[in-house]
**Q** 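This is the structure I want to talk about, given as structure tokens.
The structure presented is a predicted model; accordingly, all values stated were derived computationally and were not measured. Only heavy atoms go into these numbers, but all of them, side chains included; no hydrogens, no water, no symmetry mates.
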Amino acid sequence: MVTVPDDMPPDTRFGAMLDNASRDNLNCFITLCSPKQHSREGRLRGAVFGIKDNLAVRGERMTCASRLLENYIAPYDATVVKRLKNSGALILGKTNMDEFACGSSGETSAFGPTRNPIFPGKVPGGSSSGSAASVAAGLVDAAIGSDTGGSVRCPAAFCGIEAFKPTYGRVSRHGLADMSMSLESPAPIVPAGSTALLAKIIDAISGYDEYDQTTYGAAGTECLRSLEDFSLSGARLSVPSNLVDLCSPGIRESFAFAVGKLRAAGAGIDELNLNSARTVLPAYYLTMYSEFASAMQRYDGLKFGYRGEGAGVGEVMKNSRSVLGAEVRRRILLGTYVTSVEGKSEWYEKAMNARAAIIEETAAVLSSCDLMILPTMPITPYPFGERLSDPLLMYATDVLTVLPNVCGLPAGCIPLGGGASLQLIGARNSDEKVVSAMKAFSGVLQNG
Amino acid sequence: MPLVADDVKRLARLSMLAVEATEAESLSSEMNAILGFFSSVKDYPSSRRNAQSGHAPREDGGCVRDEAEADSIVAEFPAGESRNLNVPRVL
Amino acid sequence: MDEEEVKIGLEVHIYPRTECKMFCRCSASFLESPPNTNICPICAGHPGAKPMPPNAQAVRAGIQLAAVFGMKAADKPVFTMRKHYFYPDLPSNYQRTSEPLAVGGAIGECGLREIHFEEDPGQYDLTKGTVDLNRSGVPLLELVTEPDMRSSREARALLSDLLLALEYLQLSRAEMPFKVDTNISIGGGNRVEVKNINSLSGVVKALDFEASRQTELCSAGKSVEQETRHFDAVNGSTLPLRYKETLEDYRYMPDPDIGPIRTDNVVYEQQENPFLILKRMTTEGISGPDARTIIADRHLLDAHSRIAAVCGPRFSSVFVAGDIRAELNYRKSDSSALDSMMGGLLEIAAGRSSSRLSNLNATMLLRTLFDGGSIHPAIDELSGGWYGRETINDVAARAISEHPDAVEKYRKGNMEVLNYFVGLCMKEMRGKAKSADIISALRGILDADARGSEKGK
């Protein structure tokens with residue numbers, strides 16, 4: 001791991017880091033960006049970023065790790081990218097990911113899997129695999145990924161670093177290639193112990209954007225200002241034990257150890273049973289499939305992207321879409337079924353009902369505590385190929401991270417060492433509290 | 001109602017995906033397994049979904065035009081000349 | 001053919017007059033630009049681009065139109081749905097189309113089902129094989145009727161009423177107000193849809209053709225196939241579509257990127273219902289066609305109300321819908337030109353309606369006014385100096401005394417002679433007398449003389 005010193009002038013430093021990244025053998029990057037960037041004045045002046053390759057950077061390739069967009073150049077900047085640039089950030093590269101974000105391991109990219117810099121031979125997690133790996137390897141100062149069901153928290157956990165998914169609707173999704181519109185958000189990833197940087201990033205990118213009406217009424221966050229506000233002494237933390245029970249023994253042990261330290265620091269711990277726990281994963285996946293199938297309709301090779309051969313337009317569209325990977329195709333078919341006339345009332349409607357109930361119950365829990373805490377992932381990083389052939393095995397790893405997406409809640413994670421990670425979930429719009437708690441917790445839970 | 005190969009073929013047609021006959025068979029089993037895994041959602045009692053409060057439609061104070069952006073979009077056309085997008089015939 | 005058995009319904013796609021597109025701020029004036037210039041990532045369906053909230057001008061237009069026809073507005077916020085299908089002119093391969101803004105109501109005797117907004121796809125030229133996305137995302141309002149119409153004539157009447165409302169409220173784009181899909185079934189048989197007709201006459205032709213085609217099939221004992229056909233404007237016929245439209249599952253889904261829209265707080269200037277104006281005008285004796293012409297154009301309507309205040313509604317309607325409109329048409333002028341001419345128009349109208357100006361003179365003055373010239377002092381000269389009763393009597397008497405042979409012919413029963421005398425008198429008085437007055441003066445003298453000469457015998 002080679003890091004470039006901070007005291008160089010920003011543009012020079014950027015050049016050195018680009019050079020470094022070009023020799024990266026972790027396969028973190030699909031594209032390295034233009035060296036001709038100048039850092040503007042701003043709260044993130046000189047900060048060097050990796051941007052997940054499903055977020056648009058004007059004039060740069062945006063592949064979503066798919067052959068379908070292999071040569072597609074984005075014609076505009078995503079709002080988060082624009083705001084980062086305006087704050088002085090420099091974009092080093094477009095990071096690798098699971099194809100169209102369909103994965104939790106980083107193994108399904110059409111451009112090859114990303115390696116885990118901390119746990120060689122193990123998956124880096126996904127779908128923001130390259131974003132997390134590049135941060136963990138010191139190739140960038142920070143990265144922006146996207147989190148639909150845990151896609152920044154999972155790889156952050158597996159690479160031993162920090163990440164934060166904001167309250168849904170607080171960060172604009174304009175420029176983020178859709179996976180599931182009502183579940184996801186762009187989300188920052190930073191090195192362990194860099195919560196102050198995380199706070200600055202979230203403050204810079206959050207707030208109402210006229211190009212994403214789901215941000216209507218959203219105020220920008222003030223995470224940096226509130227960074228030291230959280231006090232462990234007297235804090236009430238809820239633990240959903242029936243979810244913790246789903247974890248491996250190793251994870252449960254490290255979680256229990258962490259909880260003990262938090263207790264010792266003055267926090268009150270309440271264990272509870274989350275009644276809707278068994279429907280969280282189904283509600284998530286069924287909603288995501290439905291929205292994903294719709295989002296993927298536009299990729300037909302006619303207006304942009306890879307165009308397949310064929311005699312007529314139907315054949316061409318089919319052949320263009322035939323370069324999509326197996327998981328992407330499977331999810332499109334499932335989404336099409338779940339929203340079809342035959343499947344709708346059985347699946348789509350029921351999933352919406354379940355989602356409403358989960359939101360209600362979780363809000364009730366969070367109204368009587370400061371935060372909900374639980375492990376981020378139910379397992380530690382596993383070897384390549386172990387779960388890839390069985391979608392259900394892969395889906396099961398999301399069981400702890402999907403809850404905040406289903407409910408639109410802010411959720412952060414900090415490393416516990418050994419591939420374990422602690423997740424903090426707050427009530428809607430309590431982003432400042434969650435980030436501040438991440439700082440406070442990190443102080444107490446020095447990585448083992 | 002479990003999915004069969006014909007269902008998968010129909011779904012593939014609806015979503016413009018090419019699926020071979022043999023693939024349709026294996027996909028139907030995979031999909032049934034996945035849906036089975038998620039079937040707990042069906043037992044869930046119906047709950048009252050919150051009525052969403054609406055907001056106002058969009059008043060514009062004039063149009064926006066970014067020529068460079070439009071040019072970039074045209075540059076992504078897989079086929080065509082002088083700003084036309086050529087598409088294959090509908091058969 | 002038994003009219004009871006015919007069921008006709010219409011789906012009218014109206015282009016509301018808006019500055020921008022439905023979900024982005026590209027210009028909605030798609031006819032003016034070279035191909036693929038009036039586009040952005042949103043209306044071109046590029047990855048990551050999100051729709052902006054629905055265009056308020058389009059929503060407002062839909063609500064206003066619904067109010068005119070007594071439709072009931074939605075009582076909760078209105079969602080925008082995604083309608084999924086693959087087609088080259090549809091960038092995202094789904095069309096955004098809203099839940100109803102209003103339901104019910106009627107146009108004439110035909111019930112209305114609903115009205116909603118949606119986005120237009122791009123333009124796909126099948127012969128050239130090109131797609132132009134300039135039109136992609138342009139707002140549309142879709143008005144769906146019940147199948148209550150019984151003939152093409154009724155369909156035409158409904159569309160005329162719709163057009164009147166649109167023109168009066170200035171809600172539609174001038175260059176292309178609407179496109180129509182129509183459906184027709186005969187005698188309880190299958191429903192046939194005919195899509196994409198661009199004119200009222202086209203709708204009538206398509207329906208007449210279909211009605212006779214279906215009747216022929218029925219008479220021959222064959223059944224009418226449920227299908228979608230396309231209108232051949234050149235031959236006035238309908239043809240089956242080249243490709244079979246299989247029953248599509250559109251997988252309607254509320255668009256997660258677009259919040260529901262409140263329609264109860266959409267503010268607009270309340271205006272009088274144009275059909276109440278129409279009723280009032282026809283009660284005043286104004287002809288239906290003239291009333292419609294006037295109502296359809298705000299400037300004509302303003303001119304009419306001002307002129308009617310001076311000259312009465314019937315006169316005004318003929319003057320405005322006839323004379324004034326003829327001048328505008330001849331010059332291919334916009335009726336907004338009338339505003340600056342109002343003073344002159346009132347003077348000419350007043351002169352004409354009180355007969356101080358002859359038809360000929362009024363027309364000439366009107367032409368001068370439209371040419372940009374001044375009507376003074378000409379109008380004063382032409383409308384002033386009308387001769388009174390005494391002078392008319394003198395002139396009449398003189399004419400009679402100078403033409404005894406004509407008088408002889410009159411006495412023998414030749415009534416045409418009167419016109420001869422009127423002409424003589426008119427000439428002497430340079431047109432400054434009403435012919436009716438001249439006739440009564442002549443008759444007074446001639447008939448009195450006759451009685452006198454009889455007495456004398």
**Q** Just give me the residue among A:V338, A:L333, A:V316, A:T336 that pairs up with chain B most often, heavy atom to heavy atom, under 4.5 Å.
**A**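 Option with the greatest count: A:L333.
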**Q** What's the spacing between B:R13 CZ and A:K318 NZ if we round to 0.5 Å?
**A**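 Going from the CZ atom of B:R13 to the NZ atom of A:K318 covers 9.0 Å.
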**Q** Name the region of B:A68, side chain, backbone, both or neither, that has any atom closer than 4.5 Å to a heavy atom of chain A.
**A**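 For B:A68, backbone and side chain are both near chain A.
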**Q** For B:V41 versus A:T279, what's the shortest heavy-atom pair and its separation?
**A**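 Reported closest heavy-atom pair: CA-CG2, 4.2 Å.
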**Q** Using a 4.5 angstrom heavy-atom cutoff, name the option from A:R278, A:M296, A:Q297, A:E315 with the most pairs to chain B.
**A**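 The candidate making the most pairs under 4.5 Å is A:R278.
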**Q** Relative to chain A, which segment of B:D71 carries a heavy atom at a distance below 4.5 Å: side chain, backbone, both, or neither?
**A**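 Looking at B:D71, nothing touches chain A.
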**Q** What option among A:I73, A:N71, A:L324 has the most heavy-atom pairs under 4.5 Å with chain B?
**A**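 Option with the top pair count is A:I73.
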**Q** Under a 4.5 Å heavy-atom cutoff, which of B:L35, B:L27, B:V8 has the most pairs with chain A?
**A**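 The answer is B:L35.
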**Q** So, taking the atom named OH in A:Y216 and the one named NE2 in B:H55, what distance separates them when rounded to the nearest 0.5 Å?
**A**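 The distance works out to 7.0 Å.
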**Q** Compare every heavy atom of B:K42 with every heavy atom of A:E346, then report the nearest pair and how far apart it is.
**A**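 It is OE2-NZ, 2.7 Å.
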**Q** Between B:G80, B:A33, B:A18, B:A75, which shows the greatest number of heavy-atom pairs under 4.5 Å with chain A?
**A**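 Among B:G80, B:A33, B:A18, B:A75, the one with the most close pairs to chain A is B:A18.
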**Q** Between A:A311 and chain B, which part of the residue has a heavy atom less than 4.5 Å away: side chain, backbone, both or neither?
**A**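 For A:A311, backbone and side chain are both near chain B.
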**Q** Highest number of heavy-atom pairs under 4.5 Å with chain B: which of A:L334, A:N319, A:L286?
**A**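 Looking at each option in turn, the highest pair count goes to A:L334.
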**Q** Between B:V74 and chain A, which part of the residue has a heavy atom less than 4.5 Å away: side chain, backbone, both or neither?
**A**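 Answer is neither: B:V74 stays 4.5 Å or more from chain A.
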**Q** When rounded to the nearest 0.5 angstrom, what is the spacing between CZ in B:R58 and CD in A:E210?
**A**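 Here the rounded value is 9.5 Å.
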**Q** To the nearest 0.5 Å, how far apart are OG1 in A:T339 and CG in B:L11?
**A**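 The CG atom of B:L11 is 9.0 Å from OG1 of A:T339, to the nearest 0.5 Å.
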**Q** Do other residues, nucleotides or ligands put more than 12 heavy atoms under 6.0 Å from B:E59 CD?
**A**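 Result for CD/B:E59: enclosed.
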**Q** Do B:F38 and A:Y395 come within less than 4.5 Å of each other through their side chains, counting heavy atoms only?
**A**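 A side-chain contact exists here, since the closest heavy-atom pair is under 4.5 Å.
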**Q** Side chain, backbone, both or neither: which part of A:R355 has an atom under 4.5 Å from a heavy atom of chain B?
**A**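 Contact with chain B is absent: no heavy atom of A:R355 under 4.5 Å.
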**Q** Would you call A:R330 and B:I34 a side-chain contact if the rule is heavy atoms closer than 4.5 Å?
**A**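 Result yes, sub-4.5 Å side-chain heavy-atom pair found.
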**Q** Let me know if B:R10 has heavy atoms under 4.5 Å from chain A in its side chain, its backbone, both or neither.
**A**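 For B:R10, the contact with chain A is made by the side chain alone.
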**Q** Could you check which of A:S340, A:G312, A:S320, A:S322 has the highest count of heavy-atom pairs closer than 4.5 Å to chain B?
**A**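 Option with the top pair count is A:G312.
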**Q** Looking at A:K82, I want to see if its NZ is surrounded by more than 12 non-hydrogen atoms of other residues, nucleotides or ligands under 6.0 Å.
**A**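 No, because the 6.0 Å sphere around NZ of A:K82 holds 12 heavy atoms or fewer from other groups.
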**Q** Within the side chain of A:R321, is there an N or O that forms a donor-acceptor pair under 3.5 Å with the backbone of B:M16?
**A**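 Confirmed, A:R321 side chain pairs with B:M16 backbone.
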**Q** Considering all heavy atoms of both residues, which atom of B:S40 and which atom of A:P282 are nearest to each other, and what is their separation?
**A**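 Looks like OG-CG, 3.4 Å.
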**Q** With a 4.5 angstrom heavy-atom cut-off, which part of B:L85 approaches chain A: side chain, backbone, both or neither?
**A**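 Just its side chain gets close to chain A.
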**Q** Any side-chain heavy-atom pair from A:R307 and B:P88 closer than 4.5 angstrom?
**A**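 Result yes, sub-4.5 Å side-chain heavy-atom pair found.
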